[in-house]
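Only one structure is covered here, and it is reproduced in the block below.
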Amino acid sequence: MAHQASDTRASAMGTSVTTESDSAGQARFDELIAADQRIEPADWMPDAYRKTLIRQISQHAHSEIIGMQPEGNWITRAPSLKRKAILMAKVQDEAGHGLYLYSAAQTLGVGRDRMTEDLISGKAKYSSIFNYPTPTWADMGSIGWLVDGAAICNQVPLCRASYGPYGRAMVRICKEESFHQRQGFEILLHLSRGTAEQKAMAQESVNRWYAPALMMFGPPDADSPNSAQSMAWNIKRFSNDDLRQRFVDMIVPQAEVLGLTLPDPAIRWNEERGHYDYGDLDWDEFYEVLKGRGPANAIRLERRRQAHEDGAWVREAAAAYAARQQASVVERIAS
Amino acid sequence: MSKKPVAAATDTMTDTATVQDADVWPLWEVFVRSSRGLSHLHAGSLNAPDAEMAVRNARDLYTRRNEGVSIWVVPSSAITASDPDEKDAFFESPRGKEYRHASYYTESEGVKHL
């Protein structure tokens with residue numbers, strides 16, 4: 001099989017030796033990238049491109065799956081039936097987004113089961129944002145408005161990522177994300193227009209989520225060594241800092257509509273740049289959370305592992321049933 | 001056209017993986033008809049233990065917002081596709097055959113209903 005053969009060759013010979021078909025493949029790949037065309041699963045692609053995509057897409061998938069937890073946490077305590085139904089639909093979407101992305105990663109030759117194993121063993125990473133707790137109902141608003149808002153900023157350009165299945169998954173996801181962002185905004189708007197206590201709850205939540213949401217775009221460009229390569233491969237279209245700036249420019253006027261403030265005294269309009277200035281972020285915290293020392297890392301992984309183990313009997317029963325159905329079909333054909 | 005192993009050939013046509021890691025549940029390709037009168041179009045893939053579960057899973061995964069009125073699932077391993085390495089030789093024939101398109105015939109320009 002094409003992929004297996006090229007992978008085996010790559011690992012057996014290291015990077016120094018190039019076969020004739022590899023150099024032809026590389027030339028074709030470079031040509032497609034230069035023309036801003038898409039790479040499809042059966043195409044030859046550099047090993048590093050494949051690895052980068054597997055890492056990025058599977059991390060993205062894991063983030064969607066883990067991202068179900070902070071909100072799932074509030075389904076039983078949503079303040080009304082309407083809010084409960086909305087929250088359930090949203091959490092179901094997150095599961096769907098995870099599955100679209102797992103499928104995209106599978107086209108690169110990595111198995112679903114292995115990705116699940118890597119997540120629950122703690123080997124794989126996911127977005128650090130989901131390692132923050134959600135102690136109040138207002139956090140459902142902040143997650144929708146700020147976290148999903150930042151995700152949309154990041155994901156819209158990914159619809160044009162050079163790897164076809166990834167871009168197609170992102171198109172589907174982006175369509176659904178806009179509902180997430182709007183419902184979050186509405187939760188905050190209602191709280192902000194409510195009692196003084198409700199408004200304070202909304203403000204306290206925004207204060208906690210603002211900086212972690214800005215950090216979702218990743219480290220500053222100067223400290224993001226892989227960005228340049230991803231941009232050269234047309235996987236990434238804008239730098240971390242450019243996307244972060246775009247997001248800040250979006251949320252400052254939105255916060256005004258909400259009647260809430262952003263917890264950053266450095267925010268002010270910069271006429272010369274045509275953008276809002278904002279203050280430095282605490283990147284030490286970012287790396288701590290990324291390394292697994294955030295407030296909720298252990299809980300999130302434990303919950304995921306528990307769910308996987310609790311579901312083992314269902315998977316086994318379904319597989320056994322399928323095997324028996326298959327066997328009875330074979331038997332009927334034979335007789 | 002040479003016969004290629006199915007798993008390798010599959011991804012040319014669909015997004016199916018050449019799955020190197022074996023999964024417990026097989027992979028299925030999902031096709032959704034968005035409304036009556038239109039074809040089923042490839043929507044994506046999913047893992048499921050059997051065809052019935054694949055259809056239910058596909059409903060939950062690909063039609064949460066009225067995207068479809070009908071779903072097909074096909075085992076990914078059942079799809080045979082053209083060989084990506086033979087791309088040029090296989091698809092070259094239409095080149096130089098512009099006369100197969102209406103736009104080739106220019107002398108009738110200005111003549112109505114033609």
Side-chain angles (χ1 to χ4, degrees), chain A residues 1-8 21 24-25 28 40-44 54 89 92-93 95-118 163-166 168-169 172 175-176 179 312 314-326 329, chain B residues 2-30 32 41-54 56-67 75-77 79-88 90:
Chain A
M1 287 180 277
H3 289 172
Q4 284 185 333
S6 65
D7 275 5
T8 318
S21 79
R28 175 77 182 135
E40 293 295 342
D43 293 335
W44 186 95
I54 288 177
Q92 194 190 16
D93 274 356
H97 296 176
L99 296 181
Y100 304 152
L101 288 161
Y102 280 133
S103 292
Q106 283 173 281
T107 66
L108 292 157
V110 60
R112 168 73 60 84
D113 295 345
R114 190 169 89 184
M115 287 187 276
T116 305
E117 280 305 314
D118 285 352
Y163 188 56
Y166 191 30
R168 291 192 282 276
R172 202 176 279 276
K175 267 189 212 159
E176 299 177 352
F179 135 60
V314 179
R315 292 191 299 278
E316 282 160 22
Y321 179 76
R324 210 177 64 189
Q325 292 295 103
Q326 190 70 31
V329 169
Chain B
S2 68
K3 217 166 176 202
K4 290 282 268 185
V6 167
T10 303
D11 18 325
T12 11
M13 199 176 128
T14 68
D15 291 345
T16 310
T18 14
V19 180
Q20 292 157 20
D21 303 328
D23 283 324
V24 174
W25 287 354
L27 200 62
W28 303 77
E29 298 303 322
V30 178
V32 175
L41 288 182
H42 186 238
S45 51
L46 52 81
N47 292 80
D50 59 32
E52 196 187 331
M53 288 298 290
R56 284 166 180 267
N57 198 347
R59 175 200 59 190
D60 293 345
L61 191 54
Y62 291 106
T63 64
R64 288 195 301 283
R65 290 179 174 77
N66 281 328
E67 287 96 336
S76 303
S77 59
I79 293 177
T80 306
S82 59
D83 182 349
D85 299 333
E86 285 183 5
K87 215 170 286 172
D88 289 338
F90 193 61

Check your understanding: Any sub-3.5 Å donor-acceptor pair from A:Ser103's side-chain atoms to B:Ser45's backbone N or O?
Key -> yes
**Study point:** Side-chain heavy-atom pair A:Arg324, B:Asp50 within 4.5 angstrom cut-off
**Key:** no
Review point. Side chain, backbone, both or neither: which part of A:Phe179 has a non-hydrogen atom closer than 4.5 Å to chain B?
Key: side chain
Practice item. Please state whether the side chain, the backbone, both or neither of A:Gln325 comes within less than 4.5 Å of a heavy atom of chain B. Key: neither
Exercise for review: Output the distance between atom CZ (B:Arg65) and atom NZ (A:Lys175), rounded to the nearest 0.5 Å.
Suggested key: 10.5 Å
Review point. Heavy-atom distance under 4.5 Å to chain B: side chain of A:Arg315, backbone, both or neither?
Key: both
**Study point:** From CA spacing to verdict: side chain to side chain contact (heavy atoms under 4.5 Å, CB included), B:Trp25, A:Asp113
**Key:** CA-CA 9 Å; B:Trp25 287 354; A:Asp113 295 345; over 6 Å; no
Exercise for review: Keeping the roles fixed (side chain from A:Tyr100, backbone from B:Leu61), state whether a donor-acceptor pair exists under 3.5 Å.
Suggested key: yes
Review point. Once you round to the nearest 0.5 Å, how far does CG of B:Leu27 lie from CZ of A:Arg112?
Key: 8.0 Å
Study note, to complete from the structure: Okay, A:Tyr102 and chain B: the region with an atom under 4.5 Å from a heavy atom over there is neither
Check your understanding: To the nearest 0.5 Å, how far apart are CD in A:Gln106 and CG in B:Asn47?
Key -> 4.5 Å
